Peer 1: 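My questions all concern the structure below.
All values reported here derive from a predicted model rather than from experimental measurement.
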Amino acid sequence: MGPKLPGAIRLQALLKATHALSDYRLVLKQGEPFSPVVLRVHSDPIAVIGKVLEQNDKAYTRLQEFLEMGFNMVRAGLPSQGGSDKPREPTNERLGTDMFVAEKRIIAMCVEAALREDDFETAYSYVVSRLGAPDPGDIPVPYDGWSWQAALRAGQYVRTERSQQPTHLGTASGNLEIRHLEQRIECLATALRVAPTSELQEVLKSFRRCEEQLDSAIKEEAANEAAWDAAGNVAYLPGAFDIPRTESLHPPRNITAAAAARQAEEAPMSLFDLSRATARVAQRSF
């Protein structure tokens with residue numbers, strides 16, 4: 001059997017997938033160690049990756065590794081959506097569709113695993129960079145019931161004391177609560193873009209609720225900033241004639257809600273602005 005024959009290609013892909021799985025702790029049935037034949041006869045091999053994510057902490061951070069694992073399962077002719085336990089010939093017509101399904105399922109699995117381990121930052125990055133990407137135009141895109149649900153769950157995530165702290169803020173708000181709410185809205189906007197029409201109402205409810213919380217947090221931040229400025233304005237107190245003006249006493253802090261509001265008209269449209277625009281478009285579609 002030559003290395004380029006379809007059977008040899010399927011076998012090599014199966015061996016690559018099982019070899020990659022051997023790097024992780026995996027128990028499918030109590031007392032039965034994982035073996036290549038288990039993957040070969042499994043009715044839904046992609047679901048095995050979900051088991052790996054459940055049984056191995058921080059495994060979700062190896063997204064690319066799991067994507068390649070899933071692609072090898074597809075190349076091996078294994079079913080990608082459940083159903084028949086017989087291997088099938090990965091024809092060019094079917095290959096693109098099965099690759100698409102495997103990719104979306106695995107990304108959604110990693111998003112949900114990150115949320116389970118209270119790593120919202122990683123889940124957020126996967127949603128906005130992977131699930132919000134445009135669909136390929138050269139293959140018939142099947143129904144994607146995984147992307148919008150993963151984006152919705154990320155958008156519904158509420159920070160707790162167990163949540164991992166962001167490693168850097170960049171140009172985002174220095175207020176962690178406002179930043180988190182903005183990120184949640186971006187996730188919900190992604191869900192609006194990829195969800196079927198029948199599910200938009202559910203996503204919009206979460207979007208409006210998050211938007212209300214964000215508006216409230218921004219108002220609270222602006223009030224706190226105004227109070228901070230007022231408390232620092234000692235230039236007009238008796239005996240303080242020689243004290244420099246407040247601007248000198250208190251250098252600008254990280255960008256705040258009030259500063260962001262003043263700069264809104266000058267700044268180009270941000271991803272957050274696009275998220276709200278997406279919600280308005282989805283709302284009009286009803």
Peer 1: Would you call the rings of H180 and F120 parallel, tilted or perpendicular if under 30° counts as parallel and over 60° as perpendicular?
Peer 2: perpendicular
Peer 1: Nearest 0.5 Å, please: how far is CD1 in I106 from OH in Y126?
Peer 2: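 Nearest 0.5 Å value for the OH-CD1 distance: 12.0 Å.
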Peer 1: Do D57 and E117 have side-chain heavy atoms sitting under 4.5 Å apart?
Peer 2: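 Sidechains of E117 and D57: in contact.
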Peer 1: Going from OG1 on T190 to CH2 on W148, what distance comes out if it is rounded to the nearest 0.5 angstrom?
Peer 2: 14.0 Å
Peer 1: Decide yes or no for Q164 and E121: does some side-chain heavy atom of the first lie under 4.5 Å from some side-chain heavy atom of the second?
Peer 2: no
Peer 1: Salt-bridged, D118 to R162, with N to O below 4.0 Å?
Peer 2: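 Answer for the salt bridge query: yes.
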Peer 1: Would you mind reporting whether I107 and L67 have side-chain heavy atoms less than 4.5 Å apart?
Peer 2: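 The answer is yes; the side chains approach within 4.5 Å.
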Peer 1: Donor-acceptor pair, Y60 side chain versus R116 backbone, under 3.5 Å?
Peer 2: no
Peer 1: So, the side chain of R159 versus the backbone of E177: is there a donor-acceptor pair under 3.5 Å, distance only?
Peer 2: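 Here the side-chain-to-backbone pair does not exist.
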Peer 1: I want to check something: taking the side chain as every heavy atom from C-beta on, are L176 and Q165 in contact at a cut-off of under 4.5 Å?
Peer 2: yes
Peer 1: Do you know the tightest heavy-atom contact between Q156 and S206?
Peer 2: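 It is NE2-OG, 3.0 Å.
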Peer 1: Between the side chain of S216 and the main-chain N/O of Q213, is any donor-acceptor distance below 3.5 Å?
Peer 2: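 No; zero donor-acceptor contacts below 3.5 Å.
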Peer 1: Under a 4.5 Å cut-off applied to non-hydrogen side-chain atoms, are L14 and N72 in contact?
Peer 2: no
Peer 1: If every non-hydrogen atom of M69 is compared with every non-hydrogen atom of A20, which pair is closest and at what distance?
Peer 2: CE-CB, 3.7 Å
Peer 1: Determine yes or no for a side-chain-to-main-chain donor-acceptor pair under 3.5 angstrom, with R25 supplying the side chain and Q55 the backbone.
Peer 2: yes
Peer 1: What do you reckon, is NZ of K58 surrounded by more than 12 foreign heavy atoms closer than 6.0 Å?
Peer 2: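 Enclosed.
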Peer 1: Does the side chain of L63 reach to within under 4.5 Å of the side chain of R130, using non-hydrogen atoms?
Peer 2: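 They are in side-chain contact.
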Peer 1: Taking the side chain as every heavy atom from C-beta outward, state whether M73 and I49 have any atom pair closer than 4.5 Å.
Peer 2: yes
Peer 1: Verify salt bridge (charged side-chain N to carboxylate O under 4.0 Å, His left out) between R75 and E68, making sure each step is shown before the conclusion.
Peer 2: CA-CA 10 Å; R75 295 184 188 107; E68 187 58 34; 3.1 Å; yes
Peer 1: How close do G70 and I46 get, heavy atom to heavy atom, and via which atoms?
Peer 2: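 Taking G70 first and I46 second, the nearest heavy atoms are CA-CD1, 4.0 Å.
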Peer 1: Is any side-chain heavy atom of Y157 closer than 4.5 Å to one of S163?
Peer 2: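 When only atoms from C-beta onward are counted, Y157 and S163 do touch, with a gap below 4.5 Å.
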Peer 1: Any ion pair linking R105 and D44 (charged N to carboxylate O, less than 4.0 Å)?
Peer 2: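 Judged by the 4.0 Å cut-off on N to carboxylate O distance, D44 and R105 do form a salt bridge.
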